[in-house]
Amino acid sequence: MKVKYTLLHKDKDTNARYAILDTNHGSYETPMFMSVGTQASVKMLSPLELKEINSAIILANTYHLWLRPGEDVIAHAGGLHKFMNYDGPILTDSGGFQVFSLANYKDISEEGVLFKSHLNGDKLLLTPEKSIEIQNKLDSDIAMCFDECPPYPVSYDYMKKSVERTIRWAKRCLDSHQNENQSLFGIIQGGEFQDLREYSAIETVKLPFDGFAIGGTSVGEEKEVMYKMIEDGIRYLPIDKPRYLMGVGDPLDLFEGVMRGIDMFDCVLPTRLARHGHAFTLNGKINLKNAKYKEDFSPVDENCDCYLCKNFTKAYVRHLIIASETFGQRLLSIHNIRFLIKIMENIRIAIKEDRFLEYKNEFYKNYGTKD
RNA sequence: GCGGAUGUGGUGAAGUGGUUAACACAUUGGAUUGUGGUUCCAACAUGCGUGGGUUCGAUUCCCACCAUCCGUC
């Protein structure tokens, strides 16, 4: 079945909304944060650990799984869920972002994007049809359109051509989509140009997608610019379909997104920061490598209910990180993802009780606005 | 006692008669937003064992001393 979005409550002060998203692998409340597992693994975490922190949808990446191990291997395994033994919902990103992140080796044409494999240098052509075919085989619950995520900044003319092409690609994605059991989301682009955002949203919404994403954000633009990008696109999206803000996961950005009507977020930030020794806390992000934690035997975040915070000290994690022990990275990954998931849990409660702004203000006050 | 070698930042270690003494590790900060999993950026020796001498100028050349290591009695 396709995902089904049921709006249950809209915040009285803002565009924040509380809903239930039914998927092939369970029903989940939104707004939600999705953790990223590019190569069919949320780095450092087991499916069991994901379940313990109340993780719902996770991401996997078409481009990466295409190159390794190959979509057929996963299809033969019985699909991505069986392959990685994860029974929650999985969303696959289309490879569109790699057009941006692997910018050194790309050649974009109407047909698709010519990549140079980061693994062995092979020249590979990823097209909308190919991306969808791969995602069909991976058998994720939600597939994403193959889009172009241009860098920031880029000229108006370039962005206009890019947006128009991404819309043509969106149609090709729909036309080639075969998996009846899989949902397909369209992606709004347009950079910071209001009319292009609007055009992209209006044209994409005409197409029969199961949900809509806002892409092209968090590519180096200022925060205010990003918030404007969201606003310019989101007002054209239907209220009965899920809205996904791609690649955003800074704690404060979650609030800003929810406030503007976003239902789903994903971000590598919690796991990447964890691997580099940083932890989210209610009082802001901290760097556990800092010398001041050498003999700090308090929990990373005393308010947190995760395995790390309930059992270990800052001094211990600091030691593990400095000694390059992967256990430290695991503990921080668990904590950072749990931290964002917990924020979303609290946000949902706040929306239901019509006090989203109150909770947001309280969070900002403690967290500080520097990060 | 004698013979030989070496003495450069926390460590290992380049280097040169002349502006700011490489580099690596460690240390100390910072970065990170649809992940190319030990990443990227920055700071860190007013001084090259000590004291003299030569020189316009010495960490670099000379002398003495001290220290360490090796060999030997």
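Residue numbers begin at 1 in each chain, while the letters A, B, ... track the order of the sequences. Scope of the values below: all heavy atoms of this structure, side chains included, with no hydrogens, waters or symmetry mates.
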Practice problem: Could you work out the separation of B:rU59 and B:rU54 based on their C1' atoms and round it to a whole Å? | Solution: 16 Å

Quiz item: What nucleic acid atoms does A:T326 come within less than 4.0 Å of, heavy atoms only: base, sugar-phosphate, or nothing?
Solution: base

Self-check item: Nucleotide nearest A:S101 when distance is taken to its side chain, options B:rG34, B:rG36, B:rU32
Solution: B:rG36

Quiz item: With a 3.5 Å cut-off and no angle check, do the side chains of A:Y18 and A:D11 form a donor-acceptor pair?
Solution: no

Quiz item: Is any side-chain heavy atom of A:E222 closer than 4.5 Å to a side-chain heavy atom of A:E192?
Solution: no

Exercise. Specify the separation, in whole Å, of atom CD1 of A:I286 and atom P of B:rU32.
Key: 16 Å

Quiz item: Paired with B:rC48 by Watson-Crick or G-U wobble geometry, both distances under 3.5 Å: which nucleotide is it?
Solution: none

Exercise. Evaluate the side-chain proximity of A:R235 to A:E198: yes if any heavy-atom separation is below 4.5 Å, no if none is.
Key: yes

Practice problem: Figure out the CD1/C1' separation between A:I262 and B:rG34, and round it to whole Å. | Solution: 13 Å

Exercise. Round to a whole Å and report the spacing from NZ of A:K289 to C1' of B:rU32.
Key: 11 Å

Practice problem: Go ahead and name the base partner of B:rU68; Watson-Crick or wobble counts if both distances stay under 3.5 Å, otherwise write none. | Solution: B:rA5

Quiz item: With both distances kept under 3.5 Å, what pairs with B:rU54, Watson-Crick or G-U wobble?
Solution: none

Quiz prompt | C1' spacing across the pair B:rC70 / B:rU55, given as an integer number of angstrom | solution = 36 Å

Self-check item: A:D253 CG - B:rU32 C1' separation (whole Å)
Solution: 13 Å

Quiz prompt | Sub-4.5 Å side-chain heavy-atom contact between A:T271 and A:M44 | solution = no

Self-check item: Side-chain N,O (A:H64) to OP1/OP2 (B:rU35) below 4.0 Å
Solution: no

Quiz item: Would you say the base of B:rU32 and the side-chain of A:R275 have a donor-acceptor pair closer than 3.5 Å?
Solution: no

Quiz item: Got A:L273 and A:F280 here, is their nearest side-chain heavy-atom distance under 4.5 Å?
Solution: yes

Quiz item: 5'-most contact on RNA chain B: A:I187 or A:M44, nearest heavy atom basis?
Solution: A:I187

Self-check item: Nucleotide B:rA31, atom P - distance to CG of A:L273 in whole Å
Solution: 10 Å

Quiz item: Do A:Q182 and A:S140 have a side chain donor and acceptor closer than 3.5 Å?
Solution: yes

Quiz item: Between B:rA21 and B:rC48, how far is it from one C1' atom to the other, in whole Å?
Solution: 8 Å

Quiz item: Taking OP1 and OP2 of B:rG30, is either one under 4.0 Å from a side-chain nitrogen or oxygen of A:N287?
Solution: yes

Quiz item: So what does A:M226 hit on the nucleic acid, given a heavy-atom distance under 4.0 Å: a base, only sugar-phosphate, or nothing?
Solution: nothing

Quiz item: When the distance from CD of A:Q39 to P of B:rG37 is rounded to whole Å, what number comes out?
Solution: 6 Å

Quiz item: What integer distance in Å separates A:H278:NE2 from B:rG30:P?
Solution: 7 Å

Quiz item: Given that A:S324 and A:G249 both sit by RNA chain B, which one's nearest nucleotide is further toward the 5' end?
Solution: A:G249

Practice problem: Sort out the partner of B:rU16 for me: Watson-Crick or G-U wobble, both distances under 3.5 Å, none otherwise. | Solution: none

Quiz prompt | Aromatic stack A:H276/B:rU39: centroid gap under 5.5 Å, interplanar angle under 30° | solution = yes

Practice problem: Could you tell me how the ring of A:F339 sits relative to the ring of A:Y367: parallel (under 30°), tilted (30 to 60°) or perpendicular (over 60°)? | Solution: tilted

Practice problem: Classify the nucleic acid contact of A:D147 as base, sugar-phosphate or nothing, counting any heavy atom under 4.0 Å across all strands shown. | Solution: base

Self-check item: A:K43 side chain, from C-beta outward: closest of B:rG36, B:rG37, B:rU32
Solution: B:rG37

Quiz item: How far, in whole Å, is B:rC61 from B:rC2 if one measures between their P atoms?
Solution: 25 Å

Self-check item: Validation row, ring centre A:F312 to ring centre A:Y307 under 6.0 Å
Solution: yes

Quiz item: Say you pick atom C1' in B:rU68 and the same atom in B:rC62; how far apart are they, in whole Å?
Solution: 23 Å

Practice problem: Hunt down the Watson-Crick or G-U wobble partner of B:rU38, both distances under 3.5 Å, from any strand shown, or write none. | Solution: none

Quiz prompt | 4.5 Å side-chain heavy-atom contact, A:L138 and A:F83 | solution = no

Practice problem: Would you classify A:E221 as touching base, sugar-phosphate or nothing, given that sugar-phosphate means primed atoms plus P, OP1 and OP2, and contacts are heavy atoms under 4.0 Å? | Solution: nothing

Quiz prompt | Side chain of A:N290 - closest among B:rG29, B:rG36, B:rG34 | solution = B:rG29

Practice problem: Could you give the distance separating B:rG52 and B:rA58 at their P atoms, to the nearest angstrom? | Solution: 13 Å

Self-check item: Interatomic distance where CG belongs to A:L65 and P belongs to B:rU35 [whole Å]
Solution: 11 Å

Quiz item: Does B:rA26 have a Watson-Crick or wobble mate here (both distances under 3.5 Å), and if so which one?
Solution: none

Quiz item: Should A:R318 be listed as having a side-chain N or O under 4.0 Å from OP1 or OP2 of B:rU28?
Solution: yes

Practice problem: Give A:G257 one of three labels, base, sugar-phosphate or nothing, depending on what nucleic acid heavy atoms sit under 4.0 Å from its own. | Solution: nothing

Practice problem: For B:rU8 versus B:rA13, give the span between their C1' atoms, rounded off to a whole number of Å. | Solution: 9 Å

Quiz item: Does the side chain of A:Q98 get closer than 4.0 angstrom to OP1 or OP2 of B:rG34 through an N or O atom?
Solution: no

Quiz prompt | Sugar-phosphate, base or nothing in reach of A:I142, heavy atoms under 4.0 Å | solution = nothing

Quiz prompt | Distance below 4.0 Å between A:N61 side-chain N/O and B:rG34 OP1 or OP2 | solution = no

Quiz item: If we take the P atom in both B:rG30 and B:rG53, what is their distance in whole Å?
Solution: 49 Å

Exercise. Scan every strand shown for a Watson-Crick or G-U wobble partner of B:rA21, both distances under 3.5 Å, and answer none if you come up empty.
Key: none

